[in-house]
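Below, chain A is the first sequence line, B the second, and so on; all start at residue 1.
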Amino acid sequence: MSVDRTLRHVKAIITGAKYLFSGPRMTIMYPDEIEDLPDGYRGMIEYDWNTCIKCSLCAMICPADAIKMYISKEESEKEKKTVKRPGINYARCIFCGFCVDICPTNSLKFSKIHDIAYYTYDEHVLPPEKFAEGIKPMYKGRKVRAILDERRGIKYEPVD
Amino acid sequence: MQIQDIVSLLFKPYIFVPLVFPGLITAFIVLLIIIWLERKIAAKVQLRYGPLYIIKPLGGVIQTVADLIRYLFQEPIIPRDVDKLAFLLTPVFLFGLAYLPVVVIPISPSYYAFRSDLSLLIALALTTLAPIFTVVMGWASNNKFSLIGSVREGYLVISYEIPIFLSALSMAILYGTLDLVEIAEAQKEIWGILLNPVAAVNMLVLMYMSTSKFPFEIPEAESEIVAGPYTEYGGILYGLVMGASYVKLYLLSLVYSILFLGGWNPLPQSMLSNPLISGSVLFIKSFILVAFGAFLRAVYPRFRIDQAISIGWRIALPLSIISIFLSLILVIGGVRFVC
């Protein structure tokens with residue numbers, strides 16, 4: 001019994017030593033290496049100002065009340081009626097994708113960017129003009145792709 | 001002339017050994033490096049990188065220096081209900097006592113701060129004083145986690161202290177002396193670990209137990225009782241109490257290397273005249289032991305308190321008695337060392 005236990009201790013130490021000297025590393029060095037995301041990734045939402053038909057469907061479907069319609073003053077005066085455009089609050093958005101699905105003209109699209117940080121709570125709220133500006137990536141690292149490897153588990157390969 | 005005097009005074013053994021090498025300054029550097037190494041080894045075993053960004057080519061080696069600066073400039077908070085005197089003084093005593101055994105550790109046959117017939121006993125006795133202050137610390141903190149942690153420390157002390165003494169003294173029986181210089185000199189031909197492997201393994205495990213290294217990290221037990229006796233400490237006081245166990249492990253490793261790993265052997269006689277070379281050999285041996293203790297953190301989970309106590313009483317104590325009999329058999333069987 002105690003011999004068996006001692007052997008198991010030795011085995012544990014040998015396994016640890018094996019990983020210490022030859023083990024792989026699964027860390028992705030995040031700001032320097034950025035994972036290449038698949039198509040259909042639900043990142044932050046891009047808004048096309050020109051193709052939007054102001055139908056308000058996105059604001060109606062939004063389950064988290066993240067998208068709201070804002071009255072556009074300039075356009076309202078020009079067209080002599082109330083014109084509304086969508087704006088988004090990223091503090092509320094749950095990235096469910098309902099707005100993208102329901103948009104009849106595909107004016108709302110997913111980007112592949114998810115790692116944006118804001119300093120204040122107010123910066124989370126994007127009115128239509130800011131929403132239409134689009135999103136710039138914060139970091140410009142090497143793009144890598146995750147690959148399942150028999151021996152190592154996860155492996156990252158650079159995307160060319 | 002005065003500068004020369006000061007330099008020659010610095011290299012006097014009774015100043016150089018406790019203060020510079022292998023004493024306070026070296027212990028401090030070991031402390032900084034071993035904490036970094038512990039995180040790095042654990043990270044490598046767990047397929048991560050560990051601290052990396054401060055000096056990237058060297059793997060973030062001065063991360064601990066950055067941590068130390070943070071500890072130094074952190075506001076020291078003294079809770080209202082603690083016993084202030086005991087709360088403030090125990091970290092200092094703990095660290096001081098952890099590093100005090102260095103006064104009897106020789107780094108070459110002729111270079112030591114203090115030589116005594118009983119230097120092995122002095123070193124071991126000084127290491128046993130530190131747990132008292134851990135218990136005082138738990139009482140003074142006026143916190144349930146501190147109290148539970150220090151009581152656990154008390155339980156562990158009584159279960160490792162007897163076997164660690166017995167296995168160290170079995171080597172004293174074998175060499176026929178308690179003087180660390182003579183013990184190291186007696187291992188010219190064959191090292192103690194080969195003569196009495198039972199005592200060697202036993203003392204190695206108990207050494208990690210006495211400094212609460214990982215399988216026995218019971219008093220601190222972060223996931224159970226926050227940080228054990230150290231819960232209420234912050235800033236540089238926490239740095240001191242956390243460093244104390246590492247320094248104690250470093251000092252016990254020095255004693256262990258002299259007892260079992262031959263001290264400064266196998267150096268040729270001509271190189272022994274330079275205490276720095278022989279000291280470096282001793283230092284490298286003990287540093288490997290400390291690093292192995294850091295590596296164990298990546299391998300083991302934590303034992304329960306009852307499992308650790310049963311290891312102390314049911315396994316370590318019989319093994320230490322066996323090691324004493326082994327030494328007696330070897331001595332009676334005619335193994336003699338030139339002393």
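- Within a 6.0 Å sphere centred on OH of B:Y155, heavy atoms belonging to other residues, nucleotides or ligands number 12 at most.
- The neighbour count for A:I71 CD1, taken as heavy atoms of other residues, nucleotides or ligands under 6.0 Å away, does not exceed 12.
- Around CD of A:E74, the count of heavy atoms belonging to other residues, nucleotides or ligands within 6.0 Å does not exceed 12.
- Listed here is the closest heavy atom pair of B:V45 and A:Y19: O-CB, 3.9 Å.
- Heavy-atom contacts from other residues, nucleotides or ligands closer than 6.0 Å to OH of A:Y41 number more than 12.
- Considering CG of B:L52 and OG1 of A:T27, their distance stands at 9.5 Å, rounded to 0.5 Å.
- Taking every heavy atom of both residues into account, B:I41 and A:L20 meet most closely at CG2-CD1, 3.8 Å.
- The minimum heavy-atom distance between B:Y53 and A:D32, with the atom names listed, is OH-OD2, 3.5 Å.
- Residue contact with chain A, scored on non-hydrogen atoms closer than 4.5 Å, involves the side chain of B:F295 exclusively.
- Heavy atoms from other residues, nucleotides or ligands lying under 6.0 Å from CZ of B:F28 number 12 at most.
- Taking the six-membered ring where tryptophan is involved, the planes of A:H9 and B:F303 are perpendicular, since the angle between them exceeds 60° and thus also 30°.
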